[in-house]
Asker: 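I'd like to ask some things about the structure below.
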Amino acid sequence: MTTTRRTLLTVEEYLDELLGDLLDGAGAIPGTQDVPLAQALGRVLAQPVHAVGDVPAFANSGMDGYAVRHDDLGDPPVRLQVVADVAAGSGEDPRLEPGQCVRIMTGAPVPGCADTIVPVELTDAGTELVTITEAPERGRHVRGAGEDVSAGDVIADAGTTVTGRVLGSIAAAGTGTVTVRRRPVVAVAATGDELVAPGGSLQRGQIFESNGTHLAATLTELGAEVSSAVVLADDTDGFTRGLDALTDGADLVLLTGGVSVGAFDVSRIVLERSAGGTFRHVRMQPGKPQGWARWNGVPVLAFPGNPVSTAISFEVFGRPVLDRLLGRRRPDGPTTAVAATGWHSPAGRRQFVPVELTSDETGRLLATPTHRRGSASHMVTSLAGAHAMAIVPEDTDEVTAGDLVQIRSL
Ligand SMILES: Nc1nc2c(c(=O)[nH]1)N[C@H]1C(S)=C(S)[C@@H](COP(=O)(O)OP(=O)(O)OC[C@H]3O[C@@H](n4cnc5c(N)ncnc54)[C@H](O)[C@@H]3O)O[C@H]1N2
Ligand code: MOO
């Protein structure tokens, strides 16, 4: 049955419906993998990573200079005998008698008898005898064992996305293999007879396909395995066959286009008729018409076709669904910024505006809509320069320059 009147839900109500009913309240998809660090980028940790040992593993020098017994420095200038050189990587632990020191390099282990490092700049750089012209305080420039973390400390929790920064910390703490979640297999389909692959030429009425491109790339960035990204025609039989193929082996299917109330809105027509699909209007702009169903048991999310609507729908609904499948925890980015200009917002709908973030001369974070038409859902190129979306509440119809607005990083 074609539904033109739909239940109107808030953003939170619809998201609850997706996480509860569409995903059936399930948590992360089963399946983990042990992968070497070189293959872990972008994956989500299934288990916490602990430090194998203390970091640093031994007391070492923070400066190129001389390792000394502080008691020997007395009243500088003072002359000490250099009894050894210790470079980074050296396993030596030379013994120091009173009046002796060792020449030491940054990162080299501090001899057990020394307690202070004198940087070479405070000396005459002597190699057999060295004159020290200034005495640093006791313990200066010695980087203590376990000063960063101790053996067993958590370096990264389960649910963390493995970035370059996370990898660096894990590597430093001695772990070479991590346990990550299986990548969710996600299929993407754009619908519409008007869609032409970018690079082709357009006839009257045709446009370049961009939503499937955007979704497939974003899913890959977020750690999903995109099994296919296709365009399905607006005929119900072809669409049905296409969906059968897409759901084969998939954990999730994302559709874009054909969810509104038009006579040819194939996603809605087929999902409602053949899978008892649920179609809603959500109090948001863009992204008002939304739908979901399970097809062959696989969760299917159907986003509205206007490109900014698809992009915002993915951020607001698709990303949390994917995060749930991955057991991913998302760190919070900045949450507010100052509106650099004013704009209108539709009353009664939560508005999501692609914005660029900059800072003014006083250091305040400024949000500027990336397009003069704000959140208009067909301004597809407003997405390229957007750092975040500004979120304007349902009860606000006007944003004035200088207002504090909520933002969410993209
Ligand atoms: N009578 C009504 N009409 C519309 C309503 C409504 O409530 N009543 N809602 C409007 C809103 S809001 C939206 S959003 C759109 C959503 O429509 P559909 O999901 O059915 O999307 P389409 O009609 O298929 O396409 C909309 C627009 O986007 C272009 N498009 C579609 N797919 C792609 C793609 N893969 N890449 C680039 N561009 C795409 C398409 O050509 C259309 O211009 O419905 C309103 N109508
Ligand atoms: O709600 Mo639609 O997504 O504005 O264009």
Side-chain angles (χ1 to χ4, degrees), residues 2-11 14 187-200 202-219 226 228-236 239 242 246 253-272 277 279-293 300-318 343-354 371 373-384 389 391-392 394:
T2 297
T3 316
T4 50
R5 288 174 164 276
R6 296 185 183 180
T7 307
L8 191 57
L9 299 182
T10 63
V11 170
Y14 186 62
V188 175
T191 64
D193 290 340
E194 75 276 31
L195 303 176
V196 171
L202 299 179
Q203 306 297 319
R204 178 177 161 77
Q206 295 184 322
I207 62 162
F208 291 122
E209 197 296 311
S210 64
N211 292 346
T213 307
H214 169 101
L215 288 176
T218 306
L219 286 160
V226 177
S228 53
V230 297
V231 173
L232 298 179
D234 279 340
D235 82 282
T236 54
F239 182 89
L246 289 176
V253 173
L254 297 186
L255 301 177
T256 155
V259 305
S260 191
V261 294
F264 309 116
D265 284 335
V266 68
S267 298
R268 187 207 74 238
I269 292 166
V270 173
L271 291 179
E272 279 190 335
F279 281 77
R280 306 295 199 190
H281 276 161
V282 181
R283 287 186 192 280
M284 62 191 285
Q285 191 282 315
K288 183 178 74 168
Q290 298 285 341
W292 62 270
V300 178
L301 271 180
F303 297 145
N306 281 316
V308 185
S309 312
T310 281
I312 297 295
S313 300
F314 179 80
E315 289 302 324
V316 176
F317 303 122
W343 67 81
H344 298 294
S345 181
R349 291 166 78 179
R350 190 176 308 173
Q351 186 192 34
F352 294 86
V353 187
H371 197 281
R373 294 281 305 275
S375 61
S377 58
H378 57 301
M379 300 303 170
V380 56
T381 60
S382 68
L383 298 169
M389 37 189 197
I391 305 172
V392 183
E394 291 80 341

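Remember, it's 1-based here, ligands and their atoms both numbered in the order they're listed. Residue numbers start at 1 and run along the sequence shown.
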Asker: Where is the nearest protein heavy atom to atom 27 (C) of ligand 1: which residue, which atom, and how far?
Answerer: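 Of the protein heavy atoms, Asn306 OD1, 3.0 Å lies nearest.
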Asker: Is there at least one pair of N or O atoms, one from Lys288 and one from ligand 1, spaced under 3.5 Å apart?
Answerer: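 Such a contact does occur with ligand 1.
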Asker: Looking only at protein heavy atoms, which one is nearest to atom 39 (C) of ligand 1, and what is the separation?
Answerer: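 Ranked first by proximity to atom 39 (C) of ligand 1 is Gly305 O, 3.5 Å.
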Asker: Please identify each residue that fulfils side chain to side chain contact (heavy atoms under 4.5 Å, CB included) with Arg349, with sequence neighbours left out.
Answerer: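 Residues passing side chain to side chain contact (heavy atoms under 4.5 Å, CB included) with Arg349: Gln285, Lys288, Pro346.
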Asker: Sub-3.5 Å donor-acceptor pair from the side chain of Asn211 to the main-chain atoms of Gly305, do we have one?
Answerer: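 It does hold such a pair.
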Asker: Residue-level breakdown please: for Val261 versus ligand 1, do any non-hydrogen atoms fall below 4.0 Å on the side chain, on the backbone, on both, or on neither?
Answerer: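 Val261 to ligand 1: side-chain contact only, backbone stays beyond 4.0 Å.
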Asker: Record the part of Leu195 in heavy-atom contact with ligand 1 below 4.0 Å; permitted values are side chain, backbone, both and neither.
Answerer: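 Answer for Leu195: side chain.
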Asker: With a 3.5 Å distance limit and no angle check, can you tell me whether Glu209 reaches the backbone of Val230 through a side-chain donor-acceptor pair?
Answerer: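 Such a contact is absent between Glu209 side chain and Val230 backbone.
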Asker: Under 4.0 Å from any heavy atom of Gly257, which atoms of ligand 1 are there?
Answerer: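 Those qualifying, in numeric order: 19 (O), 21 (O), 24 (O).
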Asker: Working note: Arg280 + Thr7, criterion side-chain hydrogen bond (donor to acceptor under 3.5 Å, both in side chains); need CA distance, chi angles, decisive distance, verdict.
Answerer: CA-CA 6 Å; Arg280 306 295 199 190; Thr7 307; 3.3 Å; yes
Asker: Quick one: does any side-chain atom of Thr256 pair with a main-chain N or O of Thr191 as donor and acceptor, under 3.5 Å?
Answerer: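 Absent.
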Asker: Take every heavy atom of Ser377, measure it against each atom of ligand 1, and state whether any distance is under 4.0 Å.
Answerer: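 No, Ser377 has no heavy atom closer than 4.0 Å to ligand 1.
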Asker: Give me the residue, atom name and distance of the protein heavy atom closest to atom 35 (N) of ligand 1.
Answerer: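 Protein heavy atom with the smallest distance to atom 35 (N) of ligand 1: Glu209 OE2, 2.8 Å.
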Asker: Do Arg268 side-chain atoms and Gly258 backbone N/O form a donor-acceptor pair below 3.5 Å?
Answerer: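 Such a contact is absent between Arg268 side chain and Gly258 backbone.
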Asker: Judged by atom type as modelled, is there a donor-acceptor pair below 3.5 Å linking the side chain of Ser313 to the main-chain atoms of Gly287?
Answerer: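 Side chain of Ser313 to backbone of Gly287, a donor-acceptor pair under 3.5 Å: no, none is there.
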Asker: What pairs with Phe317 under ring pair (Phe, Tyr, Trp, His ring centres under 6.0 Å), at least two apart in sequence or on another chain?
Answerer: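 Tyr14.
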Asker: With heavy atoms only and a cut-off of under 4.0 Å, state how Val231 meets ligand 1: side chain, backbone, both or neither.
Answerer: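 Neither part.
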Asker: If the cut-off is 4.0 Å to any non-hydrogen atom of Ser309, which atoms of ligand 1 fall inside it?
Answerer: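 Reading through ligand 1 atom by atom, the close ones are 14 (S).
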Asker: Residue by residue, ordered by chain and number, which ones reach under 4.0 Å of ligand 2 with a heavy atom?
Answerer: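 Within the 4.0 Å shell of ligand 2, which is judged on heavy atoms, sit Gln285, Pro286, Gly287, Lys288, Pro289, Asn306, Ser309, Arg349, Ser377.
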Asker: Pairs of nitrogen or oxygen atoms closer than 3.5 Å, one from Gly258 and one from ligand 1: do any exist?
Answerer: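 The answer is yes, given that Gly258 and ligand 1 share an N or O pair closer than 3.5 Å.
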Asker: Please name the pair of heavy atoms, one in Phe352 and one in Pro286, separated by the smallest distance, quoted to 0.1 Å.
Answerer: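 Closest approach of Phe352 to Pro286: O-CD, 3.5 Å.
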Asker: Can you find a non-hydrogen atom of Phe208 under 4.0 Å from ligand 1?
Answerer: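 In this structure, Phe208 qualifies as a contact of ligand 1 - some heavy atom is under 4.0 Å.
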Asker: So is Phe303 polar-close to ligand 1, meaning N/O to N/O under 3.5 Å?
Answerer: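 Phe303 vs ligand 1: no N/O contact under 3.5 Å.
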Asker: Looking at residues at least two apart in the chain, or sitting in another chain, which of them share a side chain to side chain contact (heavy atoms under 4.5 Å, CB included) with Glu315?
Answerer: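 Applying side chain to side chain contact (heavy atoms under 4.5 Å, CB included) to Glu315 gives Arg319, Met389, Arg408, Leu410.
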Asker: One residue to check: Pro286. Relative to ligand 1, which of side chain, backbone, both or neither has a non-hydrogen atom less than 4.0 Å away?
Answerer: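 Neither part.
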Asker: How close does the nearest protein non-hydrogen atom get to atom 44 (O) of ligand 1, and which residue and atom is it?
Answerer: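 Heavy-atom neighbour on the protein nearest atom 44 (O) of ligand 1: Ser260 OG, 3.3 Å.
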Asker: Is Arg349 in polar range of ligand 1, meaning some N or O pair under 3.5 Å apart?
Answerer: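 By distance alone, the answer is no.
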Asker: Taking 4.0 Å as the limit for heavy-atom contacts, which would you say applies to Asn211 with ligand 1: side chain only, backbone only, both, or neither?
Answerer: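 It is both parts that get close, each with some atom under 4.0 Å.
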Asker: Tell me which part of His378 gets within contact of ligand 1: side chain, backbone, both or neither, using heavy atoms under 4.0 Å.
Answerer: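 No part of His378 is near ligand 1 at this cut-off.
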